[in-house]
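Residue numbers start at 1 and run along the sequence shown. Worth saying up front: this structure is predicted, and the values here are computed from it rather than measured.
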Amino acid sequence: MPQYFGQLQTTEAPWTNLGIVQAVEKNQRYVLFRCGESCLKISVLTSNLIRVRVTSTGEFLPRKSWAVTIEDEEWSAVDFEVKEQADVVEITTQQLRLVVHRNPCRLECFDFAGQSFAKDASAVGWRTGAIAGWKRIAADEHFYGFGERACLLDQIATVRTNWTFDALDYGVLTDNMYQAIPFFMALRPGVGYGIFFNTTFRSQFDIGVREPGVWRMETQGSELDYYIIYGPEPAKIIATYTQLTGRMSLPPKWSLGYHQCRWSYESQDIVRQLAEEFRQRQIPCDVIHLDIDYMNGYRVFTWNPKRFTEPQELIDDLKQDGFKVVTIVDPGVKYEPEADYSVFEEGLNNDYFVRKTDGELFHGYVWPDKAVFPDFLRKEVREWWGNSHKSLTSLGVAGIWNDMNEPALNDRPFGDPGNKISFPLDAPQGPTDETGTHAETHNLYGLKMAQACSQALEKLRPVERSFVLTRSGYAGIQRWSAVWTGDNQSMWEHLEISLPMLCNLGLSGVAFVGADIGGFAGNATAELFARWMQVGMLYPMMRGHSAMTTERHEPWVFGDRVEKICREYMQLRYRLLPYIYTLFWEATNTGAPILRPLLYHFPSDRHTFTLSDQVMLGPSLLAAPIYRPGMEYRAVYLPEGRWYDWWTGEVFTGPTHILTHAPLERMPLYTRAGSIIPMSPVMQYVDERPLDLLTIRVWAGEGEFTFYEDDGNSFEYKTGAYCTTHYRVYLQEQQIIVEIGTREGDFSPATREAIVEVVGVGEQRFIDDSTARQLRFTFRGTETR
Ligand code: GLC
């Protein structure tokens with residue numbers, strides 16, 4: 001059953017557990033509990049970040065530099081207090097208290113209100129090939145994150161294996177996915193914490209399935225190594241988690257526009273027609289993706305000499321028309337000795353491909369049939385692979401789409417899903433001083449391929465930012481790449497789960513995410529497509545894609561009504577880009593997700609804990625899309641506060657449930673009172689012209705927003721070429737006051753007009769130079785306040 005090769009072994013051999021604490025050693029950074037041969041080490045990295053390690057042998061493994069970007073010694077030492085008592089040892093930081101019971105050695109955490117969390121249900125245990133920890137699930141505790149998961153938001157009562165896998169045909173019962181991110185956060189009213197399970201081996205979380213009331217983490221590695229991150233707010237948990245595993249860097253602004261993809265736009269003529277169609281129909285689009293057929297016989301880093309005879313001209317012309325080109329790159333290199341295929345030859349001559357323990361080259365079958373696989377764990381291989389992108393970037397390719405990097409491979413024949421294989425688990429990978437087996441490095445294959453790509457693009461395109469997309473990854477993938485959710489299907493259910501899937505990825509530190517709009521496999525109906533474009537407008541990465549043999553899925557193929565709907569929502573996306581780009585900037589600084597479940601902003605509101613069918617795009621916009629055919633009404637939950645209907649301006653006071661009317665043209669959308677959203681005019685592509693009219697839309701109430709701007713393309717923002725403007729709104733008697741702070745920073749946007757539009761009240765226009773100003777709007781007296 002090849003489907004299950006990612007499963008943990010099911011041996012029921014008894015566990016050996018940590019015993020009685022016999023000695024306690026401490027220094028400035030950690031406390032060590034010796035229990036005979038085995039020991040527990042608790043390192044206080046910051047006052048809300050604790051690393052816990054357990055070894056059965058007494059020897060901790062040397063660190064491997066794969067996911068965590070900051071070594072224990074690199075954190076500046078923080079104060080903590082250790083109190084040794086008869087039965088317990090207490091470690092107190094400025095934010096939490098850890099209690100280690102001596103007999104047997106077990107850990108429990110408390111916040112300063114005395115609420116317990118992450119409490120060991122029993123002592124850490126090990127047996128041949130596995131080590132595990134068990135903790136209590138508290139009453140009313142909910143579980144989120146776990147990387148990429150095809151399900152609703154809360155993941156209590158599920159088993160989550162971390163083993164990257166080509167999850168073709170995935171659905172709600174799928175366990176192994178393309179991404180393996182062993183991180184989750186647990187939330188209950190007033191208490192929230194995250195767990196990063198620091199293992200690249202096949203590992204598994206069992207959230208109350210085997211044993212109700214207990215969650216388990218288990219790895220095939222030899223050490224139990226995890227980080228506890230105390231919140232209690234989700235925002236703080238993610239900020240700390242991304243401090244540990246890294247944050248994204250600012251992508252080019254054009255990559256926030258619409259991407260059009262298909263497997264495949266098979267020739268340069270078809271691509272040209274596609275581009276023309278967008279411009280003629282005035283449907284905004286920035287990016288065209290070229291799927292595998294641009295290559296010559298699926299040989300990576302080549303162009304098809306018959307169908308893409310003039311890639312340079314194609315890309316140049318598209319550029320004139322405001323399109324960027326992204327090409328797919330697969331890791332499998334066609335096995336082709338003596339055929340003058342330089343990628344294969346160079347890789348072979350330099351010994352860059354993965355070998356088996358007997359020294360033989362490992363091969364599998366992918367698009368080009370027999371293929372070999374670079375060992376991306378090695379720096380020199382990443383550099384070589386990275387440089388090979390020159391064949392694409394030198395022609396003007398502006399982004400790379402890394403696919404099949406779980407890695408997906410078959411035994412012969414390729415394409416039979418029952419025929420999938422893996423590298424042999426004992427195949428050595430990595431540099432000589434840090435060699436691991438495939439069992440240890442499997443989950444890193446996509447991450448390291450994305451790293452190779454991202455670092456190469458920075459070198460090959462040093463003046464402009466590039467876009468990188470990947471299907472597979474591990475914790476920290478946000479540092480190198482955006483992520484899309486692989487081969488979804490043109491089904492209503494897949495539309496519905498796309499939002500909780502992307503939200504859970506966001507809660508796992510990966511903010512730049514998207515699902516294929518319209519569904520990849522199968523044919524969307526007109527209605528499904530229209531609804532999907534409305535939802536897709538909310539995706540941080542907004543890409544339409546469809547598979548070979550399916551009907552085409554461009555916005556105009558479903559008739560006039562759907563085309564009009566698509567245009568309207570795509571235009572809205574473009575109008576919102578100043579706001580969305582600011583959210584990206586925030587993600588680079590704090591790791592905050594761009595698309596958020598409501599619990600992110602309302603973590604003490606129980607109603608939000610299992611709310612999977614509504615989302616927030618940043619702090620201000622709440623969407624409650626439609627996910628079923630024929631449905632024109634739906635219930636919407638509005639949390640505490642005042643809310644405005646985006647379309648009608650109608651006001652609601654939360655917490656409340658409302659029934660809203662949502663004909664096909666309408667995706668229910670709300671804003672919070674006090675929201676401030678900077679908007680641009682509609683553009684056909686992001687760089688069509690500089691922002692010449694800024695609309696600052698404001699909804700009466702109390703609120704603020706810092707608007708971020710830079711040139712959107714270069715790296716100059718890194719040396720200070722950006723600016724921020726702080727906006728604030730508040731009420732004073734009969735007036736709404738909007739304050740615009742002085743624009744700060746070295747970047748000077750083109751002179752432009754601005755409109756402050758207080759929704760339902762009025763607007764004022766002015767020339768938006770960098771000066772501070774205060775605008776007053778008078779309620780006309782009829783509005784609800
Ligand atoms: C994989 C990708 C899909 C792509 C196809 C052909 O199935 O997930 O997006 O279109 O391969 O390259």
Salt-bridge contact E336-R299 (side-chain N to carboxylate O under 4.0 Å)
yes
How about H289 and H259: does a side-chain donor come under 3.5 Å of a side-chain acceptor?
yes
Should the pair D286-K324 be classified as a salt bridge under the 4.0 Å nitrogen-to-oxygen rule?
no
Heavy atoms only: give me the nearest R479-A67 pair and the separation to one decimal.
NH2-O, 3.6 Å
If only atom types and distance count, is the side chain of H389 paired as donor or acceptor with the main-chain N or O of L457 below 3.5 Å?
no
Ring centres under 6.0 Å, that's the criterion: do F183 and Y241 meet it?
yes
Taking only distance into account, with no hydrogens and no angle test, what donor-acceptor pairs under 3.5 Å do side-chain atoms of residues 326-335 form with protein atoms, sequence neighbours excluded?
residue: D330; atom: OD2; partner: W367; partner atom: NE1; Å: 3.2
residue: K334; atom: NZ; partner: P368; partner atom: O; Å: 3.0

Check R355 with E360, please: is the shortest side-chain N to carboxylate O separation under 4.0 Å?
no
Once salt bridge (Lys or Arg N to Asp or Glu O under 4.0 Å) is applied, do any residues pair with D687, and if so which ones, sequence neighbours excluded?
none
Report yes or no: do T161 and D175 form a side-chain donor-acceptor pair below 3.5 Å?
yes
Identify the residue among R552, R262, E554 that makes a side-chain hydrogen bond (donor to acceptor under 3.5 Å, both in side chains) with S546.
R262
Is any side-chain heavy atom of N443 less than 4.5 Å from a side-chain heavy atom of R202?
no
For Y178 and T485, the nearest pair of non-hydrogen atoms, with its separation, is CE1-O, 3.8 Å
For W401, run the side chain to side chain contact (heavy atoms under 4.5 Å, CB included) check against V468, L290, L469 and tell me which one passes.
L469
Strictly below 4.0 Å, N to O, side chains only: are E464 and R461 in salt-bridge contact?
yes
Name each donor-acceptor pair under 3.5 Å that joins a side chain in residues 306-318 to protein atoms two or more places apart or in another chain, with its distance.
residue: R307; atom: NH1; partner: E266; partner atom: O; Å: 2.8
residue: R307; atom: NH1; partner: D293; partner atom: O; Å: 3.1
residue: T309; atom: OG1; partner: Q268; partner atom: NE2; Å: 2.9
residue: D317; atom: OD2; partner: R272; partner atom: NH1; Å: 2.8
residue: D317; atom: OD2; partner: R272; partner atom: NH2; Å: 3.3

